Amino acid sequence: MVVTGGMGYTVPVTLVDGALGRTEQELTSAVDAALYIADGTLADGPIGQVGLELEAHCFDCVDPARRPSWDRIAEVIACLPALPGDSRVTVEPGGAVELSGPPAAGVLGAVTAMQTDRAVVREHFARAGLGLLLLGADPLRAPRRIHPGGRYRAMERFFESSGTGAMGAAMMTATASIQVNIDAGPRDGWTERVRLAHALGPTMIAITANSPLLAGEFTGWQSSRQQVWSELDSARCGPVLGVSGLDPATDWAQYALKAPVMLVHDPEPRPVLEWVPFVEWVQGDVRLGGRRPTTEDLDYHLTTLFPPVRPRRWIEIRYLDAVSDLLWPAVVFTLVTLLDRAPDASAAAVEDVAAAWDTAARIGLRDRHLFEAATRCLAIAEPFVPAALADSFDRLSASVRGGRCPGEGFAENAVEMGIEPAVLEALG
């Protein structure tokens, strides 16, 4: 059986044991809703656990321009053995295959388990004539949904009604990332930790920009994936924290209440085709589905918000392009090390570029300030690199020192040999 996931609906990685112990109830005030959100924002505890989610575009190795069908992908997944690292396999709306690993005690354990599981999954897909490509955006095929789930049909209608149909389709069916999930840590350090996770965003985007093409066209962005997200509704996809952010629980509550409701279960997912901030629903200004919202509605609303850093009791870091198997282990290690082992030095290293999201996605390491920040970040992480990740880290360091984003090599191949041959070469 295929486990369907993606877009924040399935929660494959849990860094906090146990349920929140909540029962469904009707919400009748913005204050009650805000308190409910704040109570579930982050979990107080030590740091150290790491969970990874890795998305890869699925291609037909004979005809890469042809998108594999849902049934074909499902058949491969149904024949997979239990994965040694215990990752779950889910399918994104456009057929991208996602591996979601359980939390591991440390970044090396998380990386090693994901490497092992990806190798098993790649082998089984290859036997079926399918390849799993780690790029931030589909460089060849037009966005198209193959997932039959009602949630994704409703999401399509929502984006179309809001005037972002093309970018919404691209986000759902043509982008891929590596997501890093980390513990929130002790309560008294939440503000600084969440702020640093945001501040590192532009530098890490520049380091990992790996999507110069989208749907057969050069977009002019080093990270077309980030371009897609930047053109969606900022109330749903923009950063939660501003420069003068409050505590993370308050920030997340304010963000979620202001964000428009995307879907309502009635009982199937139904798109909300007018702009209705959740706060208006909870206050009774609007009655969606003929009723007030419940805590279950609010929980579901939170799964439709896609900021680059999202609190889910733990901290989800969602802004990285998927990069090759040679590089992503070092990327994950660097990011976790900056956050867990050298936060003060890391904050100082990226201070000048902490808000340069679009610059990072457009020109990446060609920006002098981002290049310098990236170089400083790798220097901070380097003393901590374990032997098992030394080769990957050396490759990443060489890329950064050369001022090259990961996608530049693919772009050069696409120009020289064509996009389809470049895809096949990248699939190996």
Side-chain angles (χ1 to χ4, degrees), residues 2-12 53-59 67-70 73-74 77 89-100 132-179 210-211 213-217 219 221 223-238 259-265 268-273 300-308 310 316 318-322 361:
V2 179
V3 178
T4 61
M7 314 317 299
Y9 183 46
T10 297
V11 183
E53 302 176 34
L54 183 62
E55 298 170 339
H57 303 285
C58 186
F59 281 93
R67 189 180 296 271
S69 69
W70 172 261
I73 295 173
I77 293 177
V89 183
T90 59
V91 183
E92 296 294 313
V97 175
E98 179 180 52
L99 295 180
S100 302
L132 299 176
L133 181 59
L134 294 173
L135 280 174
D138 188 329
L140 179 60
R141 303 167 302 191
R144 183 170 67 85
R145 177 180 58 85
I146 65 166
H147 198 305
R151 173 180 168 96
Y152 303 113
R153 291 195 301 272
M155 287 178 68
E156 283 180 336
R157 290 190 60 203
F158 173 86
F159 286 123
E160 289 168 359
S161 71
S162 64
T164 58
M167 285 303 175
M171 181 271 281
M172 289 195 296
T173 69
T175 62
S177 71
I178 180 164
Q179 181 174 302
N210 193 36
S211 47
L213 292 95
L214 176 65
E217 301 288 341
T219 65
W221 292 60
S223 175
S224 301
R225 175 184 177 275
Q226 191 66 23
Q227 177 200 15
V228 167
W229 286 94
S230 71
E231 294 190 19
L232 292 171
D233 171 25
S234 62
R236 182 179 308 281
C237 301
V261 181
M262 175 184 274
L263 308 174
V264 172
H265 279 275
E268 294 299 313
R270 178 176 64 82
V272 179
L273 303 183
Y300 190 72
H301 173 63
L302 297 178
T303 73
T304 69
L305 307 181
F306 310 118
R310 181 167 63 174
E316 287 182 350
R318 305 166 50 85
Y319 47 63
L320 303 173
D321 275 15

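On a predicted model such as this, the values are computed, not experimentally measured, just so you know. All residue numbers in this chain count up from 1 along the given sequence.
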*Asks:* Is any side-chain heavy atom of Thr219 closer than 4.5 Å to one of Leu213?
*Replies:* no
*Asks:* Under the 3.5 angstrom rule, does the side chain of Arg270 hit a backbone N or O of Ala154 as a donor-acceptor pair?
*Replies:* no
*Asks:* Which atom names give the shortest non-hydrogen contact between Val272 and Phe158, and what distance separates them?
*Replies:* O-CD1, 3.3 Å
*Asks:* Supply the atom-to-atom distance Leu140 CG to Leu214 CG, rounded to the nearest 0.5 angstrom.
*Replies:* 11.0 Å
*Asks:* For Ala361, is there any backbone N or O sitting under 3.5 Å from a side-chain donor or acceptor partner on Arg225?
*Replies:* no
*Asks:* Quick check for you: to the nearest 0.5 Å, what is the distance between Asp138 atom CG and Arg144 atom CZ?
*Replies:* 11.0 Å
*Asks:* Could you report the tightest heavy-atom contact between Asn210 and Asp321, atom names first, then the distance?
*Replies:* N-OD2, 2.8 Å
*Asks:* Looking at side-chain heavy atoms only, is the closest gap between Pro269 and Tyr300 below 4.5 Å?
*Replies:* yes
*Asks:* Hey, are the side chains of Gln179 and Glu98 touching, using non-hydrogen atoms and a 4.5 Å cut-off?
*Replies:* no
*Asks:* Of all heavy-atom pairs between Ala259 and Ala235, which one has the smallest distance, and what is that distance?
*Replies:* CB-O, 3.4 Å
*Asks:* What are the two closest non-hydrogen atoms of Ala215 and Ala142, and how far apart are they?
*Replies:* CB-CA, 4.0 Å
*Asks:* With a 4.5 Å cut-off on side-chain heavy atoms, are Trp229 and Met171 touching?
*Replies:* yes
*Asks:* Give a yes or no on whether the backbone of Arg318 and the side-chain of Arg310 come within a donor-acceptor separation of less than 3.5 Å.
*Replies:* no
*Asks:* Specify the closest pair of heavy atoms between Leu273 and Ser161, including all atoms of both residues, with the distance to one decimal.
*Replies:* CD2-OG, 3.6 Å
*Asks:* Quick check against the 3.5 Å criterion: does Thr173 have a side-chain atom that pairs as donor or acceptor with the backbone of Ala170?
*Replies:* no
*Asks:* Would you give the length of the straight line joining atom CD1 of Ile73 to atom CZ of Arg67, rounded to the nearest 0.5 angstrom?
*Replies:* 8.5 Å
*Asks:* Test your reading of the model: is there a side-chain donor-acceptor pair from Asp233 to the backbone of Thr164, 3.5 Å cut-off?
*Replies:* no
*Asks:* So which heavy atom on Gly94 is nearest to which on Ile146, and how close?
*Replies:* C-CG1, 3.9 Å
*Asks:* Let me confirm one number: the CG-OG1 distance from Leu99 to Thr90, rounded to the nearest 0.5 Å.
*Replies:* 8.0 Å
*Asks:* For the CG atom of Leu263 and the CZ atom of Arg157, what is their distance to the nearest 0.5 Å?
*Replies:* 10.5 Å
*Asks:* Where the side chain of Arg145 meets the backbone of Ala169, is there a donor-acceptor pair that is under 3.5 Å apart?
*Replies:* no
*Asks:* Report yes if the side chains of Pro143 and Met172 come closer than 4.5 Å at any heavy-atom pair, otherwise no.
*Replies:* no
*Asks:* Could you measure the distance from the CZ atom of Arg236 to the OG1 atom of Thr304? Nearest 0.5 Å is fine.
*Replies:* 4.5 Å
*Asks:* Are the side chain of Glu55 and the backbone of Ser177 linked by a donor-acceptor contact shorter than 3.5 Å?
*Replies:* yes
